[in-house]
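Please read these numbers as outputs of a predicted model, since none were measured by experiment. Just so you know, residue 1 is the first one in the sequence shown, and it goes up from there.
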Amino acid sequence: MKTALLFLSAILFSFSISAQIDFEPHITVDDTGGTNGANSVFAADLDGDGDMDMISASTNDDKIAWYKNIDGLGAFGPQQIISETALGAYSVFATDIDGDGDMDILAASYFDDTIGWFANNGQGTFGSRQIISTLADGASSVYANDADGDGDMDVFSASATDDKIAWYENTNGQGNFGAQQVISTNFDYPLDVVAGDIDGDGDMDILSGARYNNSRVAWFKNTNGQGNFIFQQELSTDIAYCRGAVLADIDGDGDLDIAATSWAFPNHRIIWFENTNGQGNFNNTPNLIAQLTNNARPETIYAKDFDNDGDLDIVVGTDNEGLSWFKNNGSGTFGAQQIIDSNVEDVRAVFSADIDTDGDQDILMAANRADRIAWHKNTNGQGNFGPANVLAEINGANGPIKVISVDLDGDGDKDILTALTNDDRIAWQENLDGQGNFSELITIATINNPLSIFAGDIDGDNDMDIIAASSSSNGKVVYYKNLDGNATFGTEQTINLETYPSVVYAADVDNDGDLDVFSSGDSTKIVWQENLDGQGTFGPMNIIMEGPWVNDTLFSEDIDNDGDIDLIAGYYGAEDTVAWFENMDGQGSFSAAKIISTNLIVPDCVYATDFDNDGDQDVIATSYGTDDIIWYENTDGQGTFGSEHTITTSADGATNVFAEDLDNDGDMDAICATLQGNEVIYYLNDGSGNFNYQQILVSNFRTAISVTADDFNNDGKMDILASSFAKDEIIWFENRGPLGIEENTTNHFIIYPNPTSGVLSINNSSTVSEITIYNNLGQLLLTSKEKNQIDISTLGKGIYFVKIKNDNGQTETKKVIKK
């Protein structure tokens, strides 16, 4: 990952510039206690009570967590978070790293290229992450064994982006590691690394498999028993898309054979290679364990004796057909597939352990798309497995690609409408009290891969209906009628059946007083359809443009001040282009593209508003490929656009932009979500289109993808709403106005000292009943009932929010700086 991931300090709010607006975050959807993108699972006794606990890594929420086996029988306690800052947590492993007799945890995190470990105090309390290396570009696997024969645990890693297998010496046996020692850089996207004595000489050798073009399985010999590894043998080239390989004595002859997955349509196979002489000479013709169905693409493999007959069986997790195992007859001939769970998708990791202490091997699994950590009980010790016992899964916002502010239930406040791509649904959250306290997600409709949504009165009954684009080979543009004005929605009604529509938008194209619909059909054309009767009966498609690849970048506005609606779009063709299309007759006859710019790389969003206060509509666009946000002046009010005005060149993966007057000074400010930088940023306008002040609202908001602004708490100030696609979070940021350290409101409470490094005191005429501390994401950190003080010495440096309540019921939130 050569793109710089921005590790910002805890200080996410500047307090030295008077122009700053103070935003307080409110999480409406998160995955606390769940798992988002479960990718790895492991079992070990973490708390020293003699039974097997579980450990997980989940990529989309950057989380390493563990689950206590409460009774030794497989009743697990709630998720206990070890870390939420391992960006793209991908793989976990447990072993005693520091030689103190308990199980520490190793982790590989894909998006920050890091191999690290967490020290255990012996009771399952873990310290902060200790970095082993940040040179594992796209870290995908971590494993531990004694590479150099000195009696302690060294660490091995696979990193997918730089095609690297490496190891790290535990230099003192206490978890101090030396520099990365590269074993190979000749693997194409390795996802797995394991160690074992392949050649029978008493030291640890290395096995790995490559996923992509030069798909291969190979092993590396430890030539001197001290970690000098050299390439030894590549196995059959009759392997494709190898996602997993393991070392196991498949044929019961006392040496380590190799079993691997091969994912190449239509030959989805599980195979094994015999170690013919116990010295690492492998039969190059694979032995078939199983030929899977066309849909059962193998993701992961593991070997263990599941039926207690003394040989090693094979369990396999697949992409589309769940979890199953294959019985070994003891010599490497395997029986028919035995299904464990056919309903779970994208099983990325399997592991086994005796979870319920009954003497047989149970199965643990991590399912990525299902967002699930679970285990299956071996009910009779012979490989009959019970249903999934789910430890963690997420039932919230799975892939919120678009968020919209709109009053769906007609009660006068702004609700949240969301397109959830990974959930295949559209949902909304009710603003319960008009103050920004939102309900859980309420499903409106199930629809395949919704990429775009729009809310407007389609049928002329004065409430908000919903339009959506389902982007797939069976794509369509549809709408859902708000039946009663209270957000009870009717069944899906088809507008068109074009494949892969990526965006929908609505406006009155033909000046007849109702909303017509724009959309992108086949991803290569822009069309509009007339609302024929003002009640949602739509006419045929009128093609505005055809040919280039249309991104999700449509917006309509009167660009030339002639009283009708024109269209702005971003698209890819011979050049990446931002253009506008003139509505020439006010009836929907559009001109050819009028080019605004061809200097952007991947124009990911367009929007129009008056940035320079001259009364006409200017255009703003994001350039995803160059990290630019640029606005273009409408120089004559008739659609002649001048030179570029660059707002920023450092919005890392700028993907979505919106404009609103955030500071109530009469001009339009800009807000942006950055897909690669994982940030939501706002930029303040001086009234002339100069954006000289910017502020990061949140970082580590992975794949920030959608932003908008509205007044969610009815205080007259514009708040900001944003969604994170990978973290499955929706947050709104309350606009508390331009502030210094103290709030510009009635001060019932005085806090001091501020800044502080330790105890914070509160002065109030009545007794303080509760003090709570929140971080910038609105997450509760500390609570004190000690009337007038709270100790914040354990918090890191930065800015926090202190909510104070007294016995009279008065509450106030203040900002405090921790030195």
Exercise for review: Evaluate salt bridge (Lys or Arg N to Asp or Glu O under 4.0 Å) for D711 paired with K717, printing each intermediate quantity in order.
Suggested key: CA-CA 6 Å; D711 182 5; K717 296 190 287 286; over 6 Å; no
Exercise for review: Report the C-alpha distance between T655 and D604 in whole Å, list the side-chain angles of each, state the deciding distance to 0.1 Å, and finish with yes or no for side chain to side chain donor-acceptor pair (under 3.5 Å).
Suggested key: CA-CA 5 Å; T655 189; D604 224 24; 2.5 Å; yes
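Under the 3.5 Å distance criterion, the side-chain polar atoms of Y624 are left unmatched by any main-chain donor or acceptor of D652. Without hydrogens or angle criteria, N431 side chain to F712 main chain gives a donor-acceptor distance under 3.5 Å. Using modelled atom types, one side-chain atom of S723 and one backbone atom of P400 make a donor-acceptor pair closer than 3.5 Å.
Contact annotation: the side chain of D510 approaches that of E530 to within less than 4.5 Å [non-hydrogen atoms, C-beta and beyond]. Counting heavy atoms from C-beta outward, I543 and I526 have side chains that stay 4.5 Å or more apart. By the 4.5 Å heavy-atom criterion applied to side chains, I453 and I467 are not counted as neighbours. Residues Y500 and S520 have side chains not in contact (no heavy-atom distance under 4.5 Å, counting atoms from C-beta outward). Taking the side chain as every heavy atom from C-beta outward, E734 and F23 never approach each other to under 4.5 Å. Contact check for I401 versus L420: no side-chain heavy atoms found under the 4.5 Å cut-off. Side chains of I495 and V478 form no contact here, defined as non-hydrogen atoms less than 4.5 Å apart.
For the pair D319 and R369, the salt-bridge criterion is met [side-chain N within less than 4.0 Å of a carboxylate O]. Contact check on D719 versus K414 returns no salt bridge, with no Lys/Arg side-chain nitrogen under 4.0 Å from an Asp/Glu carboxylate oxygen. Between K476 and E498 no salt bridge is recorded (no basic side-chain N to carboxylate O distance below 4.0 Å). A salt bridge links R348 with D346: at least one charged nitrogen is closer than 4.0 Å to a carboxylate oxygen.
If you run ring pair (Phe, Tyr, Trp, His ring centres under 6.0 Å) between H645 and each of Y632, W631, Y683, only W631 comes through.
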What side-chain donor-acceptor pairs closer than 3.5 Å can you find for residues 442-451, not counting sequence neighbours?
residue: T443; atom: OG1; partner: R425; partner atom: NH1; Å: 2.7
residue: N448; atom: ND2; partner: S472; partner atom: OG; Å: 3.4
residue: N449; atom: ND2; partner: S471; partner atom: O; Å: 2.7

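No side-chain N or O of Y479 forms a donor-acceptor pair with one of E492 less than 3.5 Å apart.
Under the ring-ring contact (aromatic ring centres under 6.0 Å, His included) criterion, F555 pairs with Y505, Y607, not counting sequence neighbours.
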